[in-house]
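Computed from a predicted structure; not experimentally measured.
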Amino acid sequence: MPTLDKKKSAAASAKSKLKKVLGNVAKITAKDGVKIKNAAKNGVANGVRAAGKAVAKAAGKAATAVKAAAGKRVYFFGGGKAEGNKEMKNLLGGKGANLAEMANIGLPVPPGFTITTEVCTEFYANGKKLPKQLDADLRANIARMEKQVGAKFGDPSNPLLVSVRSGARASMPGMMDTILNLGLNDSTAAGLAEKSGNERFAYDSYRRFIAMYGDVVLGLKPEKKEDHDPFDEILAAKKKARGVKLDSDLPADALKELVTEFKQEIKSRLGIEFPTDPYEQLAGAIKAVFQSWQNDRANLYRRLNNIPVEWGTAVNVQAMVFGNKGADSATGVCFTRDPASGENEFYGEFLVNAQGEDVVAGIRTPQKIEELGKVLPVAYKELLDIRKKLEKHYKDMQDIEFTIENGKLYMLQCRNGKRTGFAGVRIAVEMVEEKLIPKEEALRRVEPEALNQLLRPVFLPSAKKAAVEEGRLLAKGLPAGPGAATGKVVFFADEAEALAAKGETNLILCRHETSPEDIRGMNASLGFMTAFGGMTSHAALVARQMGKVCIVGCDALSFDYHARVMRVTTAKGEVTIKEGDWISIDGFAGEVIQGRVETTPSEVIRVLIEKNLDPKEAPVYQTYAKLMTWADGARKLRVRANADQPDQAIASVAFGAEGIGLCRTEHMFFGEDKIGPMREMIVAENEADRRKALDKLLPLQREDFRGIFKAMAGRPVTIRTLDPPLHEFLPHDEAGVKDLAAATGKTVEEIHACIEELKESNPMLGHRGCRLGITYPEITEMQARAIFEAAVDLAEEGEKVYPEIMIPLVGIKKELDLQADLVRKTAAAVFAERGKKVSYTVGTMIEVPRAAMTAGEIAQTAEFFSFGTNDLTQTTYGLSRDDVPRVLAAYLQHDIYPGDPFVSIDRKGVGGLMKMAVAAGRAEKPKLKIGICGEHGGDPSSVEFCHEIGLDYVSCSPYRLPIARLAAAQAALKAT
Ligand code: ADP
Ligand code: MG
Ligand code: MG
């Protein structure tokens, strides 16, 4: 033990030294890094193996970091080849790596270059300054672009324009900012107009550039939440003045005026002139992209998605192609398969005479991709070919961004497309059937949490039909996030967040459009809908990712944020919906319904649980079932359910449970007829009275066990003896007190005195768990008798049963000894009375640190262990689960907790205790069966951890079983 500690602390101090070295990374050379690495290797020779290894690894990283930092900052792509490729996401970001890859496989990509993520790190290490050497790289690579495009950056007669785009390792849609048409100023704009012979196009590009640059680089944003974007307001005023509806209807002279007005707005608000030098513009834009890596919304997105801040973002500078050059130009976004349903059907949207941002931001509602075949058939055909080529190459559904300039198609982005849980399962399964990917890959790909969606409710068909007949169907939009949600209308994201924090769970966020600033409020809502935007708008993307119900592009809606109402234009006139009114949204059909609509279970639930749908008529169920079968073939961990009642046991089996890992006997006492005798037992003043009450409970509890054993048909059933403190069962209201007094022949005062006496100042640490069974052995005895009588009854009927009796909250071997002895004596008595035996085991929960520390001793008595990680987390942290919300926000903000420790196992602390207990338990009994029955058993990351430390099974609530099965398969695949 002490040597291990020494090694660890040696490694820790070496690591912390290296951290300092790494901090100074810019100052040292690659050679130094190698030196450190070698020095560390010598440390191994000195016998400090573990420390040496850690140092060597860290130093190796330092050496590569230094090498890269000292090396190439910029990677070029274009003209059919690239310096990067799709494997280089860490260095080039996802977008840069895929732009390079698309260039490499011969797709039409406008030339450009990627500034690496390491330059971003350098930028922050440098006090937010671009490294000096970057300037030469920029000029050299711009020159390469100029050559390929045949235009010159800043040349008034033939200007090269570029886009400046962010791109992190993991895609962060809409989180970072993009600037288009950079390189324009008064003279290059005039030149562009002249050269293209299209003045409208030139000034449309210019006004867009000023607005984007003003927003992203100069930071000109709306001042109050009720305000619109300042440039949007000027634009809206201009459209009104000119009597046009759409941006694309504004004539050239109006756009020219906009340029002047935008520049004026910047001057009057910020007191600065708009920069005219293209290289100054470029440097400003690059800096802004780097800075956006640490803005509020990016920080939040990263936290929600576990992306470390150290990763940094790359910047892509790319020659512009123009979708806003007229009727033969367009821009669009598509998915190689339907991202909502997963159907193998080309899916997307485009806008004629527009720039990419228009489709993404939902400024105009776009056209469906099939229509491109009619509008620009040559480009459409090429796009269809590219769709096939990309899927074959990437072997996954791709999300594509493209632009058509004067009939010629250009690819601007591709990446693995975000998808709903439905689509994720369907695409993975169908790609296996198409022989595009192996089964293992399908299993790796589906996000376990996504399976939740397949179990989500839909509207009850009759209720929805009735709502429609009552005339409550208000409007239709695009179905962007499947599912059914019914809730109260809220108009502002921050208010949704605040309401949710107060416990309001049924919220529907309704907005004209959403933007990345709204992400917290979206997370807090059941669903959301927007008036504008298409299937690829911000709201739609976020919905698919968060698994929320969502409708977009519902153009019958109009908003008055000041008055806090939403107006809906319907066939019968206008309907006004106020804040707080109930509304229902159908994310499958895109329908908005006034008031509440009752929901009903999903296809999978109907087939498996309600058994009122034929699997043959349930395509969603079928793909689900295939995936689950593959998962079961791959996983090593067994899965069990936490189930307390026969009906839950039946559901568990349907969801794939191989046993019950936790049957909480106390839940039975809240059932009909049972709470009365339970209370009588508690208020009894002596053992004889207690036994009288327990005698009434015995047959009731026996019935419950019988039902559960029967449902589980011989699968193991772990039954925990009584756990919660007794006060939880006593009445909380005066009527209940009176009833109890009447039933027991006591006075109301006596009952009150009893309640008072049982009150505990800290019930979580109080008179509960095995402490109850030790104080009142007759309780454990009754429970054991109920279990064994039920088991023998069924065995006599020829059924298989396998009970495992589990003693809670044990911290000392003697506690378990006493309880196990009692259970075994009771078993022997029942078997003797009945002349029949069943096999069973007695084990314990490991849920207090002392049990983990003395697990070896405890294993002398215990025939199995089950980690109660809820209590183990509470007692390890010294923090009760109910009090977590009070500290969680601050602890997450300061990065004290990486996440809620009651959701994912804290691998270091709680997990460390678990590892100790597994090692000590199995040292005593090599085949000791060990499982987990805390809520963590249904959390994918915790399931992975349980696999890693060699548990036999995880147990979780029935509805999380599909998630646990897939997560267990993924853990097993990861290990191979
Ligand atoms: P995001 O990461 O938010 O998707 P992008 O960097 O992809 O942002 O840029 C947004 C939009 O700008 C894209 O949809 C694309 O159509 C358009 N765009 C970016 N670069 C260019 C370019 N070089 N030429 C034309 N349009 C571009
Ligand atoms: Mg994009
Ligand atoms: Mg517990």
Side-chain angles (χ1 to χ4, degrees), residues 98 107 171 173-174 323 330-352 354 356 358-362 364-377 379-404 409 411-431 434 436 445 450 453 476-483 530 532-545 547 549-554 587-590 619-620 623:
N98 284 329
L107 302 188
S171 98
T331 183
V333 184
C334 29
F335 293 86
T336 54
R337 299 184 189 212
D338 185 334
S341 73
E343 191 177 351
N344 190 358
E345 188 181 66
F346 198 31
Y347 195 88
E349 296 163 324
F350 72 100
L351 279 173
V352 168
D358 300 355
V359 184
V360 181
R364 275 193 267 155
T365 300
Q367 285 177 274
K368 285 210 164 110
I369 199 74
E370 304 89 78
E371 288 170 47
L372 188 64
K374 288 177 224 149
V375 185
L376 294 163
Y380 182 63
K381 200 188 155 288
E382 192 181 357
L383 190 61
L384 290 180
D385 289 344
I386 288 176
R387 171 198 177 204
K388 280 209 191 102
K389 202 165 172 178
L390 280 175
E391 274 210 352
K392 253 202 157 141
H393 187 75
Y394 282 96
K395 302 190 187 313
D396 200 356
M397 187 263 270
Q398 295 296 297
D399 169 349
I400 308 173
E401 291 173 16
F402 68 90
T403 281
I404 299 166
L409 175 74
M411 298 301 295
L412 292 175
Q413 191 174 334
C414 79
R415 63 181 167 210
N416 292 340
K418 300 250 188 268
R419 58 204 79 180
T420 63
F422 291 98
V425 173
R426 178 159 175 187
I427 291 170
V429 169
E430 289 187 356
M431 282 194 167
E434 291 160 28
L436 218 49
R445 238 178 229 182
Q453 277 182 32
K476 263 193 107 160
L478 301 169
T530 63
F532 273 60
M535 289 293 278
T536 50
S537 66
H538 177 259
L541 283 179
V542 173
R544 280 197 285 276
Q545 204 170 359
V549 182
C550 174
I551 295 175
V552 297
C554 187
F588 294 105
V620 174
T623 41

- Item | Closest non-hydrogen atom pair, Phe335 against Lys418 | CE2-O, 4.0 Å
- Check against side chain to side chain contact (heavy atoms under 4.5 Å, CB included), Leu478 and Glu349: CA-CA 12 Å; Leu478 301 169; Glu349 296 163 324; 4.1 Å; yes
- Note on the structure: To the nearest 0.5 Å, atom CZ of Arg445 lies from atom CZ of Arg419 at 6.5 Å
- Spatial distance of atom CD1 (Ile400) from atom CD (Gln413) [nearest 0.5 Å]: 10.5 Å
- Task: Using the side chain to side chain contact (heavy atoms under 4.5 Å, CB included) rule, take Asp396 and Gln398 through it: C-alpha gap first, then chi angles, then the decisive distance, then the call.
- Result: CA-CA 6 Å; Asp396 200 356; Gln398 295 296 297; 4.1 Å; yes
- Of Asn416, Thr336, Asn98, which is the lone residue that meets side chain to side chain donor-acceptor pair (under 3.5 Å) with Tyr394? Asn98
- Which residue, Glu391, Glu343, Glu345, forms the side chain to side chain donor-acceptor pair (under 3.5 Å) with Arg337? Glu391
- Message: On a heavy-atom basis, which atom in Ala379 and which in Leu409 lie closest, and how many Å separate them?
- Response: O-CD2, 4.0 Å
- Note: Val352 and Val375 closest approach over all heavy atoms is CG2-CG1, 4.0 Å
- Item | Euclidean distance, Met397 CE relative to Arg415 CZ, rounded to 0.5 Å | 10.5 Å
- Task: Indicate the atoms forming the closest heavy-atom contact of Phe422 with Ala340, along with that distance.
- Result: CB-O, 3.8 Å
- Item | Between CG on residue Leu107 and NE2 on residue His393, distance to nearest 0.5 Å | 8.5 Å
- Quick one: CD1 on Ile369 to CZ on Phe350, what's the gap to the nearest 0.5 Å? 6.5 Å
- Note on the structure: Between the CE atom in Met411 and the CG atom in Leu383, the distance rounded to the nearest 0.5 Å is 6.5 Å
- Where Gly590 and Ile551 come nearest, the two heavy atoms and their spacing: C-CD1, 3.4 Å
- Can Phe402 and Ile386 be said to form a side chain to side chain contact (heavy atoms under 4.5 Å, CB included), step by step? CA-CA 11 Å; Phe402 68 90; Ile386 288 176; over 6 Å; no
- State, to 0.1 Å, how close Pro482 and Phe588 come at their nearest heavy-atom pair, and which atoms those are. CB-CE2, 3.4 Å
